[in-house]
Amino acid sequence: MAHQWRGVIREYADRLPVTEATKVITLGEGGTPLVHAQKLSELTGSEVYLKVEGMNPTGSFKDRGMTMAMTAAVEAGAKAVVCASTGNTSASAAAYATAAGLKCAVLVPEGKISMGKLSQAIAHGATLLQVDGNFDNCLDIARKLGEAYPVFLVNSVNPARIQGQKTGAFEVVDSLGDAPDIHVLPVGNAGNISAYWKGYKEYSAPFETANGTLPAVSTKTPIMWGFQAAGAAPFVAGHPITEPDTIATAIRIGNPASWDTAVAARDESGGLIEAVTDDEILAAHRWLSAKEGVFVEPGSAAGVAGLIKKHAAGDVPSGKTIVITVTGHGLKDPQWALRTEDGSDVQPVKVPNDVVTVAAELGLEEN
Ligand code: F0G
């Protein structure tokens, strides 16, 4: 019998803060493909895999945390949830709030979220407010609403989110049979790098549960490599940035909420957090779609851009196993695929309704 994936809470219930009695809010998130990246493997001489998080129900990794946050909201008796977002969190919150029967309010920076994400939040019936400010300003307001008003905060400052997101690391280990040597990912608000590190640490040691101790699953933890957009790279600067700017709107964040845990992930793993330029991000975005067959949004390509950059500098070891989380689907923000390297728009060739002309245009000669 084929096994139907039950969502991350039921699949990993013994490692999450839930009980048999918990009413689980799920859309079947997780269980995403770990795709062998043939060209990146050839380039680096290591085995490179992509954890394709665009395959989650709302098209990004946020669903792993949102199933936990929305389950916690229902458990707490909340009637309404709120979040700040660069787009994906709002899309996910709106969908999971619908599944939970809760009202949802989302705060997004005006003009700086992609059409796909905006339309998801609206389609799922969230109240969407465009704030005259950036993501960091939105998060400030969302936190204050959560503290002083009857709304439940579902940003990753809520620990339930990180608990759900750590399952990404579990799935990688379950697929590979052990942890990779290096795990690469984009860094914005820094929840995901914190969550993966938590997941890898928990899987590499005995784990205490209410029903006894689970044995370690992996023999090691990976080195964590995080990459930020150069115009929004507070970890590289060593302090918050007041005017973050990048075409990768998903990671246009100057004051990451999970600062300390991200620094711990970097330092405890012997890893790094560095920056990649918007041009490097777009080149990696093209590489993924044109060479690997995987379509991601620009922010999601930052990890791949980082790996390519480190390889060019001679800093990527060969013969290792490397996993890169590509965080969101390309259809979230498809306009970038229609742009050529020189910045002009791709114009599809128009042809008449006629096979001979179509064949000629394709350079085909009749058999
Ligand atoms: N990639 C994508 C596609 C994202 O949407 C985000 C964050 C990140 C990477 C960075 O992850 O914040 O855990 O370091 N998006 C948030 C949002 C901020 O509101 O959707 P992080």
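Order of listing sets the numbers, starting from 1, for every ligand and every atom in it. Quick note: numbers below take in every heavy atom, side chains included, and nothing from hydrogens, waters or symmetry partners.
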Practice prompt. Output the list of atoms in ligand 1 that are nearer than 4.0 Å to some heavy atom of Thr86, sorted by atom number.
Written response: 15 (N), 16 (C), 17 (C), 18 (C), 19 (O), 20 (O)
Practice prompt. Just say parallel, tilted or perpendicular for the rings of Trp225 and Phe227, cut-offs at 30° and 60°.
Written response: perpendicular
Worksheet item: In the protein, which heavy atom is nearest to atom 7 (C) of ligand 1, and how far is it?
Response: Lys62 NZ, 3.0 Å
Worksheet item: Thr89 heavy atoms, cut-off 4.0 Å: which ligand 1 atoms fall inside?
Response: 16 (C), 17 (C), 19 (O), 20 (O)
Discussion item. Please determine whether a side-chain nitrogen of the Lys or Arg among Glu274 and Lys309 lies less than 4.0 Å from a carboxylate oxygen of the Asp or Glu.
Written reply: no
Fill in: Side chain, backbone, both or neither: Ile193 near ligand 1, heavy atoms under 4.0 Å
neither
Response to the item:
A student comparing Ala93, Cys138, Gly328, Gly188 should find that the heavy atom closest to atom 10 (C) of ligand 1 comes from Gly188
Item to complete: Provide, to 0.1 Å, the distance between atom 11 (O) of ligand 1 and the closest protein heavy atom, together with that atom's residue and name.
Response: Phe61 CZ, 3.5 Å
Worksheet item: Relative to Phe135, does Arg252 satisfy both conditions: NZ or CZ under 6.0 angstrom from the six-membered ring centre, and within 45 degrees of the ring's axis?
Response: no
Response to the item:
Quick note on ligand 1: atoms under 4.0 Å from a heavy atom of Val187 include exactly 14 (O)
Worksheet item: Should Ala190 be counted as touching ligand 1, given the test is an N or O pair under 3.5 Å?
Response: yes
Worksheet item: Can you tell me which residue and heavy atom of the protein come closest to atom 2 (C) of ligand 1, and the distance to 0.1 Å?
Response: Thr327 OG1, 3.3 Å
Response to the item:
Short version for Ala250: what comes under 4.0 Å of ligand 1, heavy atoms counted, is both
Fill in: Atom indices of ligand 1 within 4.0 angstrom of Gly191 heavy atoms, with elements
13 (O), 14 (O), 21 (P)
Discussion item. Closer than 4.0 Å to some heavy atom of Ser85 - which atoms of ligand 1 meet that?
Written reply: 17 (C), 19 (O), 20 (O)
Discussion item. Does only the side chain of Leu185 get under 4.0 Å from ligand 1, or the backbone, or both, or neither? Count heavy atoms.
Written reply: neither
Worksheet, complete the sentence: Exactly one candidate in Gln165, Lys166, Glu53 meets side-chain hydrogen bond (donor to acceptor under 3.5 Å, both in side chains) with Asn192; the answer is Gln165
Worksheet entry | Tyr200 vs Ser218 side-chain heavy atoms within contact, under 4.5 Å | no
Worksheet entry | Donor-acceptor contact present, side-chain Lys51 to main-chain Thr32, <3.5 Å | yes
Practice prompt. Considering only NZ, NE, NH1 and NH2 on the basic side and carboxylate oxygens on the acidic side, decide whether Arg64 and Glu171 come within less than 4.0 Å.
Written response: yes
Practice prompt. Ignoring angles and geometry beyond distance, decide whether Asn192 reaches within less than 3.5 Å of ligand 1 through its nitrogen or oxygen atoms.
Written response: yes
Item to complete: Select one of side chain, backbone, both or neither to describe which atoms of Lys332 lie under 4.0 Å from any atom of ligand 1, heavy atoms only.
Response: neither
Item to complete: Measure from NZ or CZ of Arg266 to the centre of the six-membered ring of Phe235, then state whether that distance is under 6.0 Å and the direction lies within 45° of the axis.
Response: no
Item to complete: Record the part of Gln165 in heavy-atom contact with ligand 1 below 4.0 Å; permitted values are side chain, backbone, both and neither.
Response: neither
Worksheet item: Among side-chain atoms of Asn88 and Lys332, is any donor-acceptor pair under 3.5 angstrom?
Response: yes
Response to the item:
A student checking ligand 1 against Ile253 at a 4.0 Å heavy-atom cut-off should list atoms 18 (C)
Practice prompt. Specify whether His285 and Phe295 have parallel, tilted or perpendicular ring planes, treating 30° as the upper limit for parallel and 60° as the lower limit for perpendicular.
Written response: tilted
Worksheet item: Can Ser300 be said to touch ligand 1, with heavy atoms closer than 4.0 Å?
Response: yes
Practice prompt. Distance to 0.1 Å, residue and atom name: give those for the protein heavy atom nearest to atom 12 (O) of ligand 1.
Written response: Asn189 N, 2.7 Å
Worksheet item: Ion pair present between Glu11 and Arg6, side-chain N to carboxylate O less than 4.0 angstrom?
Response: yes
Response to the item:
Nearest heavy-atom approach of Ile273 to Ala262 is CD1-O, 4.2 Å
Worksheet item: Is there a nitrogen or oxygen of Ala84 sitting under 3.5 Å from a nitrogen or oxygen of ligand 1?
Response: no
Worksheet item: Polar-atom distance check: Asn88 versus ligand 1, any N or O pair below 3.5 Å?
Response: yes
Discussion item. Once you measure the plane-to-plane angle for Tyr12 and Trp5, does it fall in the parallel (<30°), tilted (30-60°) or perpendicular (>60°) bin?
Written reply: perpendicular
Worksheet item: What is the closest protein heavy atom to atom 8 (C) of ligand 1, and at what distance does it sit?
Response: Ile251 CG2, 3.6 Å
